[in-house]
Structures are given as C-alpha cells and as structure tokens.
There are 2 protein chains.
Amino acid sequence: MMNRREFLRLLGAGALTTPLVSAGETLATAMQSATLTFAPMLDLHKAVTVPLIIQKAEILRREKDLFIRVTAKNGAVGIIEANNRVPQVISLFKELVVPFFIGKDARDVETLVDGVYTEGSNYKFAGMPFWNSVGNLEIALFDMMSRAANKPVYELLGKRIRNDVSVYLTRLTRDTTPEKELEIIERDFAETGCRAVKIKVGGRMKAESAKIENRSEALIKLARKKLGDSVTIYADANSSYDVPTAIEMGKLLQDNGVKIWEEPCPWQDYDSTKAVADALDMPIAGGEQDTSLWQFKAMIKHKIVDVVQPDLFYNGGFVRTLRVAKMAAEAGMTIDCHSPKFGVGAYPFRHFISVVPNIGAFQEYNLNSSSKPLGEIKNGKVELPTGVGLGIEYRPSDFEKVEIL
Amino acid sequence: MMNRREFLRLLGAGALTTPLVSAGETLATAMQSATLTFAPMLDLHKAVTVPLIIQKAEILRREKDLFIRVTAKNGAVGIIEANNRVPQVISLFKELVVPFFIGKDARDVETLVDGVYTEGSNYKFAGMPFWNSVGNLEIALFDMMSRAANKPVYELLGKRIRNDVSVYLTRLTRDTTPEKELEIIERDFAETGCRAVKIKVGGRMKAESAKIENRSEALIKLARKKLGDSVTIYADANSSYDVPTAIEMGKLLQDNGVKIWEEPCPWQDYDSTKAVADALDMPIAGGEQDTSLWQFKAMIKHKIVDVVQPDLFYNGGFVRTLRVAKMAAEAGMTIDCHSPKFGVGAYPFRHFISVVPNIGAFQEYNLNSSSKPLGEIKNGKVELPTGVGLGIEYRPSDFEKVEIL
C-alpha cells in the first residue's frame, strides 16, 4: 500500500502545480487581505461582455424545494436549487449577504466575495452559515453570467480538462448491520458499475460506544472480504475519535487497505487531526465544514490533512473553492470536495471539477437519498454537464407557483 | 516595560491557576467530546432546587430593542436584552437552537451547551452566528434559574471574588483626527476618573492606506504625550496588518508604552498572529470572534496570543466562556472579554467577571454609544451587580407592547 509520504510525493509531481487559470488581459483587483492575497484567476469581463448589475436575489420555495434566483437590471436571470443548509441561514442571507451584492456588477464576483466579508461587521459572522449564504448566491450569479454569455459555467471557471469523472458511492448510514450495509453496496455496485465506496465508522461527533466500534470493525473487515482487493474503500469518522482511539482505528483501516480516512477527530481540532495524520501511513482528509481561507492555508501548510474537502456551497462558491484548490495544488495536494449529492444538486460541483486538475481518483456521489436512481452513473462514471449555465433547463411554468421567502 | 516573557511568567504564578469552581456533591456529566473534556464546574441542581423544564424561548421586539424571554413549565421566566447580533441570526436561533432546548431541564445547561452542538448536523453550523444564538438563550436561562433560586446569577457561576472592576474606555472610531480623539478621551477621563483607554489603529480588516497609518502613528504618539506615562493605553488593529507591517507598528506601540495590542492580523490567521506575538515584547490579545473551544485551546497552547478575549454572547454564554477562562488560567494567561458595552447590556459580563480570577487589570467599557452617560463609572471603576437574576428589574408593563418574532 502507498504510504502517506509516497502519496504526498506523488501528488507533488508535475501537472498538479499548473496554475488553474491564466489571468486574461483585464485583471480584476487582487484580493486585498492583510495576510492572504490571491492573484485574479478569472476574466469575467472578457467572458461576459455586458454589465450584469445585480438587482435582486431571492429565495423561492416550491413545495419542499428552495431555489435561489438572481436578477440583473438588464433582465438576465440565474437560478439554482438551494442547498439543504439555506433554511437555517435565511436571516444571514437576507440581512448581511444580499444587501452587499445589490447594485454591483456580477462580473466582479471574484472581488465581491472578499468585499462581502470585510463589509461592516460581516467578518464577525464567519463560518458555514455566512459562507453558505454567499455560496448559494455566488453560484446563482455564475448561472446568470454564463447564461448571459451563452456558455456553460465551466467556461467561466477555466479550461475544461475532463468530460467525465469516476465516482465513489457515499454511504450515510450508521444504523444498518455490516451485513445489510454490504448487501446495499453490492446491489448499488451492480447497478452503477462503481468500484469505490465510502463507509461510516465511529459515532459522528460523539465519543465511541463499544457497540459502534464493534460495528465499525466488523464493517470494515466484511467490506474488504466481500468486495475484494480491487475495490477502493474510503472511511469517514465524522469527528468521532480522540487521538489514541483514532490511531488504533486507523491501523485497522490501513490493514484492510482503506485508501483515505476522513475526519478521524473533531474537525476544529487541528492538533489532534495532525497527530493522527502523522502517526498513520494512510492519507487523512478533512475540511468539509471549514470555510476560512486562512485556516485552509494552515491545514495545507502544516499538513494537518493530506486531502482537503471543502464543500462548494458551504465554502462560499466557485471562486473561494478554486482558491482552496490552487493552494492545495501548489502544495502537491488533492482536493476532493464534500458533495454527497446526485442529479441537479450536484451540477455546480460537476462544473467545478471540470476545470480543476488536482482532484482525487474518485469523487463523491450519493445514491442514498435517491428514491428513484437517476441512471447518471455508467460504468462507475458520471458525465460532466455541457449545457448553457449550469446546464439545467427550467421552464417559466416551474416557478409560477412559488413563495418568495 | 514588562516584556512578553515576564508578563507570561508573572501570570503563571499563584492564584490564577486555582480552579474556578469546585464541583459539588452531584456531578453533572462531563462534556463527552472525543478530544476535549471539561470536568463539571457548576452544581445547578443544588443551587436551584426545582426542575425548570424549558417550555419556550422567544425573541421579543420592543421598538428598536430585542429581548430573549425563556419560560419554564412551572411559570418561571428569564429575560435579557438580546445582543446586537441577534437580528442577523434569527433563523439559526429558531431553527437549530431553540428546538433542542425545549423540554429539557435548564439546570442541565452545562451539558446542554455541548448537546446543542452535537445534535443532528448542528456542528456544521459552528461559528459566531450559531454560538451567539446559543449564548443569548443560555444567558436568559441563567437569569431564569437564578430568579427561581432568588439569587444573583454570579452565585450560580462560582465564588464572588470582587465587588467592582477597573475599566478602560474603548474607543470605536477611526474617522476622527488624533487631536479630536484626544479631546474626547480627556473629556471622558475627567468625567469618569478612568485612567485607561483602548484606541484603534489600522483600517479594520483592510490593508492599510497611508492616510490611516499616518493617523495611527500620530494618534499613538499624541495619546502618550497628552495622557502622560501613568495612563494605560491599549491598541486594537481589528485584523488590519500583514506580519511585517504589524511588527513595525508593534514596535512603535511598544516604544510608546502600549500595554496590550489586540488583533494585529486577520483573526483567523493564527500563523501570522503568532509570528507577530513572537517578534514583539508586548502582549498580544485576540479571540473576540472565536467560538471553538478546540481553537481556544490551540490559541492558548501554542501561545498564539497572550490574552484571550472571548465575547460572552458570541462564545455561547457563561459555561463555555468559563471553560475558556479555566483553560487560560491553567496556562497562566488572562482573559479580558470582548464587551464594548454599558448599562444593562453589560450586566451578564459583570456577573461573569465577579467570579473569574484571571482577568486583566482593566475591563472594557463603552462610553461611545451612550448618548446620556449613565454615571456607572466612579473613580474609574464600575460596581458589579448584586440583585437577583442578572440584577435588572423589568416591570410586566415593559413587555405589554412587544412583537414576538
């Protein structure tokens, strides 16, 4: 098995350090932070030739689904399915985030996502609730801009370098028996052609109980036995362990050929996470809930994790997640975004990975919540979208009966 | 002038490491985190003899003011003035925080503030917006519990060790000239008997402009010249500087006898903050926006700052801020809470410092926003409250015409 040092060395080689996007003729202003500066990556004034002055940004409710709709003064519209954290952060979205964007040109989004943070006291609100509000709005702005330019979103983000992606099936349950879990995985593998899976270990943000640990150990052993050596297995502890227990569990995972271990310790406890990463050979992943570019910088610099996993929405959208990807690439690290989604909800993520070189071998896909499997996966791969905007076509009638929140 | 090492050594000596509160006969369950465990500090079941099952928690609006009102099944009520961040986090308060507390005994608050974090996906929402929601509710619960027990809040928090506190006047403006600023400070000193002040330097979360830096330098020199050597001067940069500029500015501050420097670098950039702290002799303070106990632990352990400054509300209330105080005490560090307040809004903070040994020489007081000075400061000191609950008496008629949000 590849050990942690080899993994990092391999990633450090070659193409991964290539700049994501070369700046065009017209440079946007670089991020003006005191201790973190990013050169402009996008050239949206060239890609979108007319100003798109943001007039309104609304949350629409249609039965159980929420959407974000942005409208420019010239009538241009962008619309996305809101992610599942929006209902709890509506007051932040409306009170702090939207007011800053109104009246500004969407094509300046690369500096606007910094401006919304330094505006007034907004920086005090840092964290997922704030950045998820920005992220939902920012992704809708990209939909609007790319529609106005009659292009797919990925063309605004960089150079498309792949047309499809291999996915791993992400398991979200902890209440099944190991036998039942393997039954589901084998059924889903047969249906999708997938050869990679992520399983849950530990108790999720909780000290482990003997019962959970018995399940974790039995599950990991049964998975390897049933699936064979050629299947890629990842494990996710969702912040469950203290350092000694994590090292013990990590050795069991390594011995069973688990390729990446996600969040062994509480996600905000970088010292413990690093202690575990240093003690094990296997790569450690984390960053799902992180939203501070300074903290991502520290996670990368100090090798607190080996794989960074920002969530495109939680982390504030395309621009800020491209920055994390770039910092990771420069350190020879991969970025495997948190994206336990399927169908339309996964489209923003699919545009993102269309242009990012340093992603890992398999990207997350959630078959769980899909009562009707969408048939998106063929031979273990998902095609990346090519249509205008995010590639999702809504009919005007789709939004005739909506409530504006 | 005392240098950073002497400052830390002095703080490490003696009484500051005394446990804040000795656990009573009935121990509440210790925090069950994977990597951070706190022994119980309070004994609320002994202090409050009847169960107080939380029935509802409401946000009340009366003209411009917001209040948090909690009601127990037995009719007990607690009420506090909400802090100024509540309007932006109402959806978090109502959707994530209140539902967890309903039906639970307020006397278990020491474990409830951990439970609300690990409940469902709440931990993903970590940050000030979430913890400020918890903090407002938790402080109202303490008002309710102490009223039910006919005691002041501080009696539930520990042993009262001081009856008054010396305050520093906190200046919040960056748009005055140095001359105007000193005019205000000298007027306020004359009126209050204060001999300590905190002034702003840098541009607040922004790269410095020459104009701002000219003001910072002129202000600091004029302050020392006008106020004389016996006045204590603190400075606050609100995340303004990169490392080289911060070190340069810090040397100027040291040379002018500034005693503590707050937030020289972006608050989430611990590496830069530590680099500045290590390069300067003067103590560095920070933590105003921080709300992760793991991150406070790291700030203390790695001496990223010399003085921790959690905000009682932002950081989730009394229990979690007592924990920060305890971690600081064990490392021989002081805690000077962020509290730019006056009058009723400052009462929770005043109960907190009634029982905490390791606070600094001066605590924050905001005279700025007070159009009518309250006359709370006498000879530079504020008396700490002694009445039942938070010590604020509301009449039923005060809440006859409120809107429930």
Side-chain angles (χ1 to χ4, degrees), chain A residues 32-37 84-85 87-96 117-118 121-132 202-208 238-243 245-246 264-273 288-289 291-295 297-298 301-302 311 314, chain B residues 32-37 84-85 87-96 117-118 121-132 202-208 238-243 245-246 264-273 288-289 291-295 297-298 301-302 311 314:
Chain A
Q32 287 298 318
S33 145
T35 60
L36 193 63
T37 304
N84 63 342
R85 307 301 173 199
Q88 297 85 20
V89 303
I90 289 174
S91 55
L92 287 165
F93 184 88
K94 293 171 79 159
E95 300 285 330
L96 294 182
Y117 177 70
T118 54
S121 294
N122 284 7
Y123 63 94
K124 296 177 189 283
F125 292 81
M128 184 275 271
F130 178 80
W131 286 115
N132 188 64
R204 195 187 194 207
M205 285 304 296
K206 288 185 181 94
E208 51 284 353
N238 292 98
S239 298
S240 295
Y241 298 110
D242 63 16
V243 176
T245 316
C265 300
W267 65 276
Q268 294 184 307
D269 189 349
Y270 293 171
D271 282 344
S272 293
T273 303
E288 167 185 341
Q289 290 93 199
T291 57
S292 161
L293 297 182
W294 289 286
Q295 290 175 347
K297 183 183 173 190
K301 178 182 174 189
H302 300 299
D311 179 292
Y314 298 176
Chain B
Q32 288 298 318
S33 144
T35 59
L36 194 63
T37 304
N84 63 342
R85 306 302 172 199
Q88 297 85 20
V89 302
I90 289 175
S91 55
L92 287 165
F93 184 88
K94 294 171 79 159
E95 300 285 331
L96 294 183
Y117 177 70
T118 54
S121 295
N122 284 7
Y123 63 94
K124 296 177 189 282
F125 292 81
M128 184 275 271
F130 177 80
W131 286 115
N132 188 64
R204 195 187 193 207
M205 286 303 297
K206 289 185 181 95
E208 51 284 352
N238 292 98
S239 298
S240 295
Y241 298 110
D242 63 16
V243 176
T245 316
C265 300
W267 65 276
Q268 295 184 306
D269 189 349
Y270 292 171
D271 283 344
S272 293
T273 303
E288 167 185 340
Q289 290 94 199
T291 58
S292 162
L293 296 183
W294 288 285
Q295 290 175 348
K297 184 183 173 190
K301 178 182 173 189
H302 300 299
D311 179 291
Y314 298 176

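A, B, ... follow the sequence lines: proteins, then strands. Residue 1 opens every chain. Any value given below was found using the heavy atoms of this structure, including those in side chains, with hydrogens, waters and symmetry copies removed.
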### Query
Is the backbone N or O of B/M205 less than 3.5 Å from a side-chain atom of A/T118, with the two atoms forming a donor-acceptor pair by type?
no
### Greatest number of heavy atom pairs closer than 4.5 Å to chain A - which of B/A126, B/G127, B/S91
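Between B/A126, B/G127, B/S91, the count favours B/S91.
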### Euclidean distance, A/S292 OG relative to B/Y270 OH, rounded to 0.5 Å
8.5 Å
#### Entry: Atom pair CG (A/D242) and CG (B/L36), whose distance is rounded to the nearest 0.5 Å
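With rounding to 0.5 Å, CG (A/D242) is 11.5 Å from CG (B/L36).
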Does any heavy atom of chain A fall under 4.5 Å from the side chain of [X], the backbone, both, or neither of them?
X	value
B/Y117	side chain
B/Y314	side chain
B/T291	neither
B/N238	side chain
B/L92	both

### Message
Can you list everything that forms a side-chain contact (heavy atoms from CB on, under 4.5 Å) with A/D269? Sequence neighbours excluded, please.
### Response
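A/D269 satisfies side-chain contact (heavy atoms from CB on, under 4.5 Å) with A/P266, A/D271, A/S272, B/T35, B/W294 only.
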### Task
Mind checking salt bridge (charged side-chain N to carboxylate O under 4.0 Å, His left out) for A/K124 and listing every partner two or more places apart, or none if nothing turns up?
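B/E288.
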### Query
Between A/R85, A/K297, A/Q88, A/K94, which has the largest tally of heavy atom pairs under 4.5 Å with chain B?
A/Q88
#### Entry: Top of A/P129, A/P87, A/A246 for chain B proximity - count of heavy-atom pairs under 4.5 angstrom
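Option with the greatest count: A/P129.
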### Query
Just one of B/M128, B/R204, B/Q268 clears the side chain to side chain contact (heavy atoms under 4.5 Å, CB included) bar with A/Y123, so which one?
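The option that passes is B/R204.
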### Task
For the residue pair B/V89 and A/F125, establish whether any side-chain heavy-atom pair is separated by less than 4.5 Å.
yes
